Structures are given as structure tokens and as C-alpha cells.
Amino acid sequence: MSCSAEPVATIALRYADCQILIGELRAERDPRLLDLCAQHLAAMTPPVGWLVDDARLADLATGRH
């Protein structure tokens, strides 16, 4: 996948739990994770039955960045 926009978040797919984890963009790229731009992140739809857990929202609620 190739996108010229800057990534804003890193996602991990947890197949065993049928879960997509969204976190802050990691400083170093990890080939096991996906870095997505804002447009692709907003357009992302999980497979049927999967849950999306956005840890960035939890950090905002607790005041952590």
C-alpha cells in the first residue's frame, strides 16, 4: 500500500481477539504494524464481528498525550 500523505496513527490487527487497535503514531516503523494517514484511518472499516479499540481516545479522556 502506498500513500503520499503523512501517517497519523499506528494500527495493530489482533486476529485472535478479532480486534483492531489504534494508537499514537510510533516513532519507528514496525513491519508488523500499519501506519495510516487521517483519510485512510477515517475510511477504515473493520471486518464483520471485529471491534475497534482507539487508545488515542482513552489518552484524551485521561489527559495523557
Side-chain angles (χ1 to χ4, degrees):
M1 176 164 74
S2 178
C3 177
S4 61
E6 289 293 317
V8 298
T10 298
I11 68 167
L13 303 174
R14 293 181 62 178
Y15 292 95
D17 299 325
C18 297
Q19 191 173 33
I20 298 173
L21 304 173
I22 303 172
E24 294 296 329
L25 182 64
R26 293 182 179 230
E28 292 192 25
R29 186 133 165 69
D30 183 330
R32 298 168 295 177
L33 304 174
L34 298 169
D35 294 338
L36 297 180
C37 71
Q39 181 181 358
H40 284 108
L41 186 62
M44 179 187 70
T45 55
V48 174
W50 281 50
L51 299 174
V52 176
D53 181 9
D54 193 337
R56 301 170 309 153
L57 297 176
D59 288 347
L60 288 174
T62 61
R64 290 183 286 162
H65 298 290

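Keep in mind that this is a model prediction, so the values were computed, not measured.
How far OG1 of Thr10 is from CZ of Arg56: 9.5 Å, rounded to the nearest 0.5 Å. The line from CH2 of Trp50 to CG of Leu13 is 5.5 Å long, rounded to the nearest 0.5 Å.
Cys37 is listed as a side-chain neighbour of Cys3, based on a closest heavy-atom distance under 4.5 Å. Contact check for Ile11 versus Leu36: side-chain heavy atoms found under the 4.5 Å cut-off.
Closest non-hydrogen pair, Pro7 versus Asp35, comes out as CB-CB, 3.8 Å. When all heavy atoms of Arg29 and Leu33 are compared, the pair lying nearest together is NH1-O, 3.9 Å.
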| task | Please assess Met44 against Ile20 for the test side chain to side chain contact (heavy atoms under 4.5 Å, CB included), listing each intermediate value before the final yes or no. | result | CA-CA 10 Å; Met44 179 187 70; Ile20 298 173; 4.1 Å; yes
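When each of Val8, Leu34, Asp53, Leu41 is paired with Ile22, the side chain to side chain contact (heavy atoms under 4.5 Å, CB included) condition holds for Leu41 and for no other.
Both Tyr15 and Val52 are members of a single hydrophobic cluster when ILVMFWY side chains are connected at heavy-atom separations under 4.5 Å.
Other residues, nucleotides and ligands contribute only 12 or fewer heavy atoms inside 6.0 Å of the CD atom of Gln39.
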